[in-house]
Amino acid sequence: MRVRFAPSPTGALHIGGARTALFNWLLARHEGGELVLRIEDTDRERSTPENVEQILDALRWLELDWDEGPILQTERSARHQEALAALLEGGHAYRSQATAEDVKAYKELHGSERGFRGEAEAEGAVRLRVPDEGATVVQDVVRGANRFEHVHMDDPVIARADGSVLYNFAVAIDDLDSAITHVVRGEDHVSNTPKQLLVIEAARAVGLTDAADPLYAHLPLLHGPDGKKLSKRHGAASVQELRDAGYLPEAVRNYLALLGWGAGDDSTVLSTQELVDRFTLERISRNPARFDETKLKWLNGVYIRELDEAELTRRLEQYTGRADLAEAARISQEKIHTLADFMPLAGALLDGPGDDPAARERWLDEDGRAALADAREALAQAPDFDQASIEAALSGVIERRAAKPRQVYQPLRVAITGTTISPGIFESLALLGREETLRRIDAALARS
RNA sequence: GCCGCUAUCGUCCAGGGGACUAGGACGCCGCCCUCUCAUGGCGGAAACCCGGGUUCGAAUCCCGGUAGCGGUACCA
């Protein structure tokens, strides 16, 4: 089995594209086949080296590797020209100067359900000759047989007047030459498929190849939470935005795999290895799915909690660009859902307290300050400053004051972090160390 | 307009003629745990688009409607 992922480099890799890449990758790995990466860069305006690099960058981050390529479609133009000439020569294609307006006029004359047929001319764009009779049936692994009557199809333009080839032609020739057995791509390509199949048939007729048609599998499209096209206003819409939002690639793979595919039982958390083991085309759904970040966030939290401390530390250090995060990472692990959650939670321990007036007002009133002063003394005299000693010292304070735990812990928390939200209080104090803890408490007490 | 596709909780995924009183997950609500935030545990609300037909029996098959989506480029 040979599959391919063939994005057009129009910028960052969209989530829909990432899902397509993932499904191809899972299929190739499941079957022990090969994945070919091809860049569809025949649109010269939009295809830049920077955009190509963005695609590669996204794929690398997702840890989806490929076995061949990247093949740049534009680098294959000699072969495309050869194939184009052969189709022209064999009468399967013809030059025509017909414009979009001409096509429209033709249809008004012959009925809108009647496809455009042109006359061969000496110059002009190249159109593929679609037979008047019959139909092309796309055998789709996901959606079954789709029948496209030839009468409804326009003779598609396969090369511009200047000779440069168009998408539907290049794709067909490239898939053939790469010996692709399964074309797995988005549903937006279904109506392109009969055109590509017709190109393949013509290529075979003129002896360009003797390869069989690839099998097609069209994936249901991905939409935003509102059912509309996925875009930036839905939050993250590209792989790089997901990375920036602090998601883990393994969580993204797991989540994306669940969009348009199910393992068949009720499992939701599936490691990449399990995904590879269980993935089949047959289980792909036909319904469009919505990309909902809340579930991804939950899943990401699951994966973060599964990381060992060293690995979480490594990821956080890479994400934040900071060093020595081990201790803070350890005490934050259970509380964060994304890498981006880390600094808001634990940043104050690292960089000094923030300032939340509401928190101060609520917890550093007269009672709070008294509790804080008591806690300061207990902490100053604690025999040790590890988590257990801190807890023991503070328990004593609570007992003496006949207070509720929070009446001591919250003022302390506000004193050392400036806010009401932080990792566990004992862990936080231990991380700060006795000296820094006392310093912060004194500073809070000295205020106002 | 024309061509094509799709339709199960708010969302994702199961169920594909009787096992459905329709299952799991996220989210939501409630309770428990608890130093905040989380985590964890327990419980709850929540769906077969509508109308016909086939059948002893339909969420499941067929037809129609409706809705949504894709395509309809000398873009990919």
Side-chain angles (χ1 to χ4, degrees), chain A residues 6-10 40-47 73 96-100 103 107-108 111-115 124-127 138 140 143-144 146-149 151-154 156-168 170-171 186-194 218 220-221 223 225 227-229 255 258-269 283 285-299 301 305 332-337 341 344-345 359 363 391 394 398 404-410 412-414 417 419-426 428:
Chain A
S8 53
T10 54
E40 311 263 320
D41 59 345
T42 49
D43 181 348
R44 290 146 305 185
E45 269 91 272
R46 291 189 285 178
S47 304
Q73 203 156 47
S96 164
Q97 309 222 36
T99 61
V103 171
K107 292 190 162 200
E108 261 159 35
S112 56
E113 76 287 358
R114 179 69 173 275
V126 180
R127 284 184 188 268
V138 179
D140 194 302
R143 11 183 26 95
N146 288 180
R147 187 182 175 86
F148 294 86
E149 298 292 340
V151 272
H152 298 317
M153 294 174 63
D154 295 332
V157 175
I158 55 174
R160 300 181 179 95
D162 68 6
S164 59
V165 299
L166 260 28
Y167 173 75
N168 280 125
V171 165
E187 187 190 288
D188 49 335
H189 286 291
V190 286
S191 45
N192 286 144
T193 309
H218 287 100
L221 259 21
H223 295 126
K228 301 290 180 210
K229 216 175 157 88
Y255 178 69
L258 263 18
L259 260 25
W261 179 83
D265 55 18
D266 287 330
S267 42
T268 301
V269 181
R283 292 213 59 87
S285 136
R286 281 156 303 278
N287 314 1
R290 299 179 188 211
F291 179 81
D292 180 8
E293 219 178 309
T294 56
K295 190 163 185 175
L296 171 58
K297 202 164 227 157
W298 164 78
L299 201 49
R305 276 172 254 129
S332 301
Q333 180 160 26
E334 193 181 67
K335 298 170 184 296
I336 59 176
H337 288 97
D341 291 341
L345 178 74
W363 293 106
E391 179 163 8
L394 293 177
I398 290 168
K404 288 182 176 153
R406 53 162 32 181
Q407 292 175 310
V408 172
Y409 296 143
Q410 281 302 75
L412 243 184
R413 191 187 311 279
V414 174
T417 69
T419 73
T420 53
I421 298 175
S422 81
I425 194 69
F426 315 127
S428 295

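Just so we're on the same page: letters track the sequence lines, and every chain starts at 1.
The gap from the C1' atom of B:C32 to that of B:A38 amounts to 16 Å, rounded to the nearest Å. Annotation: B:C13 and B:C9 have their P atoms spaced 11 Å apart (nearest Å). The C1' atoms of B:G30 and B:C50 are separated by 35 Å, rounded to the nearest whole Å. For the C1' atom pair drawn from B:C35 and B:C42, the interatomic distance equals 23 Å after rounding to whole Å. Atom P of B:A7 sits at a distance of 9 Å from the matching atom of B:C49, rounded to the whole Å. B:C63 sits 35 Å from B:C74 when the P atoms are compared, rounded to a whole Å. With P as the reference atom, B:U8 and B:C48 are 11 Å apart, rounded to whole Å. Look at the C1' atom in both B:G23 and B:G15: the space between them is 8 Å, to the nearest Å.
Using a 4.0 Å heavy-atom criterion, one finds that A:Pro423 contacts the bases of the nucleic acid, with or without backbone contacts as well. Contact annotation for A:Gln410: backbone-only contact, meaning every heavy-atom pair under 4.0 Å involves sugar-phosphate atoms and none involves a base. Among the atoms of the strands shown, only primed sugar atoms or phosphate atoms (P, OP1, OP2) are found under 4.0 Å from some heavy atom of A:Leu166. As judged by a 4.0 angstrom heavy-atom cut-off over every strand, A:His218 is placed among residues making no nucleic acid contact.
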Practice problem: Check step by step if side chain to side chain contact (heavy atoms under 4.5 Å, CB included) holds for A:Leu299 and A:Val269. | Solution: CA-CA 7 Å; A:Leu299 201 49; A:Val269 181; 3.8 Å; yes
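Per the geometry, CD1 belonging to A:Ile425 stands 17 Å off P belonging to B:A38, to the nearest Å. Between A:Trp298 atom CH2 and B:G40 atom C1' there is a gap of 14 Å when expressed in whole angstrom units. Look at CG on A:Asp162: it is 19 Å from P on B:A73, rounded to the nearest Å. Put simply, CZ on A:Phe426 is 15 Å from P on B:C37, counting in whole angstrom units. The separation between A:Tyr167 atom OH and B:A76 atom P is 9 Å, rounded to whole Å. Between the C1' atom of B:A38 and the CZ atom of A:Arg305 lies a distance of 8 Å, rounded to the nearest Å. Going from atom CD of A:Glu108 over to atom P of B:U72 covers 19 Å, rounded to whole Å. In this structure, A:Lys335 atom NZ and B:C35 atom P are separated by 11 Å, rounded to whole Å.
Side chains of A:Asn168 and A:Asn192: a donor-acceptor N/O pair is present below 3.5 angstrom, by distance only.
Panel note: side chain A:Arg283, backbone A:Gly262; a donor-acceptor pair is recorded below 3.5 Å. Side chain of A:Tyr255 to main chain of A:Asp292: a donor-acceptor pair is present (N/O by atom type, distance under 3.5 Å, no hydrogens or angles). Between the side chain of A:Ser164 and the backbone N or O of A:Arg160 there is no donor-acceptor pair closer than 3.5 Å. Panel note: side chain A:Arg413, backbone A:Pro423; a donor-acceptor pair is recorded below 3.5 Å. Remark: the backbone N or O of A:Arg290 is not paired with any side-chain donor or acceptor of A:His223 at under 3.5 angstrom. Looking at A:Asp140, its side chain does come within 3.5 Å of a backbone N or O of A:His218 through a donor-acceptor pair. No donor-acceptor distance shorter than 3.5 angstrom exists from the side chain of A:Ser8 to the backbone of A:Thr10, with no hydrogens or angles considered.
Of all nucleotides listed (B:U36, B:C35, B:A76), B:A76 comes nearest to the side chain of A:Thr42. Checked against B:C69, B:U36, B:C35, the side chain of A:Leu221 finds its nearest nucleotide in B:C69.
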With sugar-phosphate taken as primed atoms, P, OP1 and OP2 and all else as base, the protein-contact string of nucleotides 1-14 of chain B at under 4.0 Å (heavy atoms; B, S, -) is SSSSSSSS--SBSS
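Enclosure of atom NZ in A:Lys297 is not indicated, since only 12 or fewer non-hydrogen atoms of other residues, nucleotides or ligands lie within 6.0 angstrom.
With respect to A:Asp154 and A:Arg127, no salt bridge is recorded, no charged nitrogen being found less than 4.0 Å from a carboxylate O.
Interface remark: the A:Asn192 side chain does form a donor-acceptor pair with the B:A76 base, using a distance-only criterion of under 3.5 Å.
Each of A:Ala6 and A:Leu345 lies near RNA chain B, and the nucleotide nearest A:Leu345 is the one positioned closer to the 5' end.
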Pairs under 3.5 Å (Watson-Crick or G-U), crossing ones as [ ], inter-strand ones as |: RNA chain B comes out as (((((((..((((....[....)))).(((((.......)))))....(((((..]....))))))))))))....
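A close approach under 4.0 Å does occur between a side-chain nitrogen or oxygen of A:His337 and OP1 or OP2 of B:U39.
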